[in-house]
Amino acid sequence: MLHGSISRNAALVVLSCLAVCGAFAEDPNPPNLHSTSGAWPIRRQWTPAETQHYARWVENIYLMKTRGTVEQRTAKLQRILTDPEMNLLENPQFAGEGANPQLPANVIRSMHNLMDCGKFTAFIPAYYAYRRALPWMSTVVTSGKGDIRTSPSNIPVGSVNSFEYRSVGEYFKNAVGWFISGNYRVNLNERRAELSDTVPVAINRTYLLPGCINYVDGHCLLLAHVSEYGELYFLNCSTTITRDIFSYNGMNTVSGITPRGSDPDNPWNGCFQGLRVLRYPIAETDSRGRVTRVRRRTDEEMKEFGFSTEQYEIIREIYTTQSITEGDLKPQSFHDLIRLRMKTVDSISPLKFMEQYADEILEVYVSREAFVQDAWRDVRANGGITYPEERPNENIFQAFGRWETWSSPSSDVDRRNKYFYLADWMEYAIRLYGLVPSFVELTGLEKYEIQSQSDLAKALLAEKNRIFAGHSMEYTNSAGETVTLTLLDIEERLYDLSFDPNHPPELRWGAPEGSEERASAPETFTPLPGGARVAMEDGYRWQAFYRSLGQRETEMSCLRGMFTSGYPIRDKLDAQVGKWVQDAAPAAEVAAAPANTAAELAPAAPGSETSPQESSGGAAPELRDDAHHEGAWTFTDAAAQEPDQPAKKKKALRAERRRYPRRH
C-alpha cells in the first residue's frame, strides 16, 4: 500500500488518445511496395514520417502505463498488445491500409516468456514493423573478447531478416530470442559495423524520438516520452519470471557515455553507449515496386534519421574543458544540454515537478516491495541463492540462474540514481534562476519571499522534506507484520537497503541495527560457490560498498573480507543542494538535513550566484555541476585518507577499493 499524492487520471489519457486518433485519417506513409516473400508482406519503406508514427505509438503505451487504469499500469506484454487503448495499431486508421493482423496468441505468449530489458527493445520495433508491413531485421553478433555482454566490442556476423523467413512465428523466435544486450556493443569502426542494430543519434527533438534506445553497460531502455521540460522517460522490462514492463525516469541512466578519444589506440572504442536510433532497414525493389531484397541502411543513409556522433564529442568537451556552449549558456553537464535542447516550454515549475517526481520515486520503491516479497518466498521455498563471489564470468550485476532473477543490485542502482536525479534537477533549477530568473516559476513558493539562489535552495529543501514526509509505503516483515516507511525514511536508509535475496525483508529495507524493526529478522545465510556460507550480519556488512554504488560494475564481485570503510559515497540531497545556501545556519524550514552535513555547506562566491562556490568571472553564464560530477562525494572513513591528501573522488583506483584482510 502507498500513501501520498500519486495522481492517476485515466480520463486525461483517453482524451489524449482521442486527440491523437483524430489525426489518423491520413496515413503519414501510405503503402507503395508489394512482396510475396518473407515472414510477412512488405508494403512500406521506413521514412522520417514513419519514425514519427512509430514514436506516437510507443509514447501512447508509455502514457497508458503511467496514467491509465490499474490494469493498464500493471500490464504485461499480452495486455499491452491486445488492449486497443494501449496498442494504437489495433485501431485500423492508425495501422493504415495493408496493415498485417495481430500476432497469433501463441507467438505473443512465447515473446512474453523471452522478455528482458534487451529483448524488449528488440521486440517492440519488430512488432511495429510487422503490423505496419515494414521491413525488419536484427543482427547476430559474436564477442570481440570475453563475455559477449561485457566485451570491449562485439562483431556483427549475420542477421535475422524478415524477408528471408517463411513464418512470422519463426522470425520472432529467432530475431528476439537471439538478441542480447551485447548487440548494442559494436564500435562504430568495428568490422562489419554497418550491420549493427543502432547508431548514435543527434540530440534534438527531430531525431531523439520515442522508440530510440538508451544503452549503458548491459542496461537497455526504450525511450518512450519526452516532457515539455526536456526530461527523458523510458520503458523497461524486468528479467524476473513475471516479466514486468514499467515506466522509468531515465535521465539519470543517460550516463557512462565514453568520450571519443579515450582510447589512444582506437578513438571510437567504447562509443556504443548512450542514446541510439534504430538502423532502419531498407527494402530494395524492382521497377514495379516489388521487393527483391532487404538490407541495412549505411551510416550515410542513416543521417536522414539522425545518425550523429555528437554525444561522444560533447562528452569529450565536458571532460576536457568542464563546459560546453549552447546559445547564450554554457551547460556543464550532458543532462543540462539534453534539457535545453529538448524542452518546449519557456519556464519550469520546481514545486510542481518535485510533487510529481516524488510520486515516481515512491512508485519504484513500492514495486521493489513486491519484488522483495517474491524473492523471500523463493528463498524460503527453494533454499539459499548462491552469491557470485569472485566468479570469472559473473558478478552481482550480471549473473546466471536464481541470483540474476531475484537479487536487486542493478535495480537498486537505478533507484538510487532516480533519487539523486531529483537533487540534480533541483540544482538545475537553482542555476537557471541565477541566469534567467523568469525561466523559474515560483508558484507555491510565495511564502519564502525568494530573492536569490540561496533563498530558492532553502525553499526547495523545505518543500522536499514536506513532500517526502507526506509520501509513504508499507512493507511486510518476516513476521507478516506491516511496517510503514516514508520517503524521508527511505532517503535516510538509501545506502542500507540490501540487494541480497537471502536476507529477510527487514534487511532488504535497511532496518537499523539494534532497532525493534530489525529484531523480527530471522538469522539467515548467503551461500557461496563451493558450498561455503556467510552469516547474514557478516554478509550484510561486507556488501556495504556495493550498496553505495551509482553505476553497475563489470569486474568480479567480492564478499568475504570485503572492506567496509575508506571508500567515497555520494552526499544525499540535503547536503548537495544545501551547498547553495549562503547562511551559516540555514532557515528553520530546512529542518530535516542530517546534522553531520551542516559543516559541509559552502557559501557562494561574493557578488555572484551562478554557482555555489565561484563566480562566472564575466564569462558566458554557466549551468554548473550536476549529473556529470554526480554531486559531492564524502569518504566513509576519514581515517582512510593519507595525511595532508585531498579526499579521493569516485575514480579511486580499483586496487585501493579491494582489500582482503584474510589475504593481505
Side-chain angles (χ1 to χ4, degrees), residues 51 54-55 57-66 75-77 80 114-128 138 149 176 179-186 196-201 203 207-227 230-240 243-258 272-279 306 311 334-335 338-339 342 357 360-361 363-364 367-368 397-398 408-421 550-552 627:
T51 64
Y54 172 52
W57 177 71
V58 171
E59 185 170 37
N60 183 74
I61 296 173
Y62 173 85
L63 293 174
M64 299 307 296
K65 285 290 290 182
T66 55
K76 298 177 176 63
L77 191 64
I80 290 173
L114 286 175
M115 286 298 100
D116 58 29
C117 68
K119 288 177 171 54
F120 179 70
T121 63
F123 172 79
I124 288 294
Y127 173 83
Y128 178 89
S138 62
R149 299 170 301 173
V176 178
F179 193 97
I180 56 174
S181 62
N183 275 56
Y184 294 117
R185 301 181 72 86
V186 178
S196 62
D197 292 285
T198 61
V199 294
V201 64
I203 309 301
Y207 300 120
L208 185 53
L209 299 168
C212 286
I213 307 296
N214 185 68
Y215 171 79
V216 176
D217 279 335
H219 197 194
C220 316
L221 296 171
L222 182 74
L223 179 61
H225 177 65
V226 182
S227 77
E231 305 293 331
L232 306 185
Y233 294 83
F234 295 83
L235 287 173
N236 191 13
C237 183
S238 71
T239 59
T240 64
R243 304 295 192 249
D244 295 308
I245 296 168
F246 51 95
S247 59
Y248 200 93
N249 170 261
M251 190 76 91
N252 49 62
T253 71
V254 183
S255 60
I257 300 174
T258 305
F272 44 67
Q273 313 220 57
L275 295 161
R276 318 278 298 180
V277 63
L278 299 165
R279 193 187 284 272
Q311 291 176 65
F334 191 45
H335 290 179
I338 292 173
R339 294 186 191 102
M342 301 296 287
Y357 197 71
E360 296 180 21
I361 294 176
E363 273 197 278
V364 302
S367 65
R368 184 183 191 271
F397 300 100
Q398 290 271 12
S408 63
S410 289
S411 57
D412 284 347
V413 163
D414 295 333
R415 293 180 185 99
R416 285 191 292 274
N417 284 337
K418 190 174 185 72
Y419 161 81
F420 281 119
Y421 179 73
Q551 63 185 31
R552 296 162 182 79

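No experiment lies behind these values; they were computed from the predicted model shown. No hydrogens, no waters, no symmetry mates; every other heavy atom, side chains included, goes into these values.
Formation of a donor-acceptor pair under 3.5 Å by the Lys65 side chain with backbone atoms of Ile245 is found in this model. Without hydrogens or angle criteria, Gln311 side chain to Val201 main chain gives a donor-acceptor distance under 3.5 Å. Without hydrogens or angle criteria, Asn183 side chain to Ile180 main chain gives a donor-acceptor distance under 3.5 Å. Checked by atom type and distance alone, the side chain of Lys119 pairs as donor or acceptor with a backbone atom of Phe179 at under 3.5 Å.
Partner of Leu275 under the side chain to side chain contact (heavy atoms under 4.5 Å, CB included) criterion, chosen from Leu232, Leu221, Ile213: Leu232.
Separation of atoms CZ (Arg339) and OG (Ser227) is listed at 9.5 Å; rounding is to 0.5 Å. Note that OG of Ser238 and CZ of Arg243 are 7.0 Å apart. Values are rounded to the nearest 0.5 Å.
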| request: Walk me through it: do Asp217 and Gln398 pass the test side chain to side chain contact (heavy atoms under 4.5 Å, CB included)? | output: CA-CA 10 Å; Asp217 279 335; Gln398 290 271 12; over 6 Å; no
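When all heavy atoms of Met342 and Leu208 are compared, the closest pair comes out as CE-O, 3.4 Å. Leu235 and Ala224 get closest at one heavy-atom pair: CG-CB, 3.8 Å. The minimum heavy-atom distance linking Arg149 with Tyr215 is given by the pair O-OH, 4.0 Å. In plain terms, the two heavy atoms of Leu209 and Leu223 that are nearest each other are O-CD2, 3.3 Å. Minimum interatomic distance between Leu77 and Met115 (heavy atoms only, all atoms of both residues): CD2-CG, 4.3 Å. When all heavy atoms of Asp414 and Arg552 are compared, the closest pair comes out as OD2-NH2, 2.7 Å.
Two residues are said to be in side-chain contact when any heavy atoms from C-beta on lie closer than 4.5 Å; Val216 and Gln551 fail this criterion. Contact annotation: the side chain of Arg276 never approaches that of Asn214 to less than 4.5 Å [non-hydrogen atoms, C-beta and beyond]. Between Cys220 and Phe120, the closest side-chain pair of non-hydrogen atoms is not below 4.5 Å.
By the salt bridge (charged side-chain N to carboxylate O under 4.0 Å, His left out) test, Arg279 is found to be paired with Asp299, residues two or more places apart in sequence or in another chain being considered. Partners of Glu59 under the side chain to side chain contact (heavy atoms under 4.5 Å, CB included) rule, at least two apart in sequence or in another chain, are Leu63, Pro210, His225. In this structure Tyr54 satisfies the ring-ring contact (aromatic ring centres under 6.0 Å, His included) test together with Tyr128, sequence neighbours excluded.
A salt bridge links Asp412 with Arg368; the closest basic N to acidic carboxylate O contact falls under 4.0 Å.
For the residue pair Thr121 / Tyr184, a side-chain donor-acceptor distance below 3.5 Å is found, with atom types taken as modelled.
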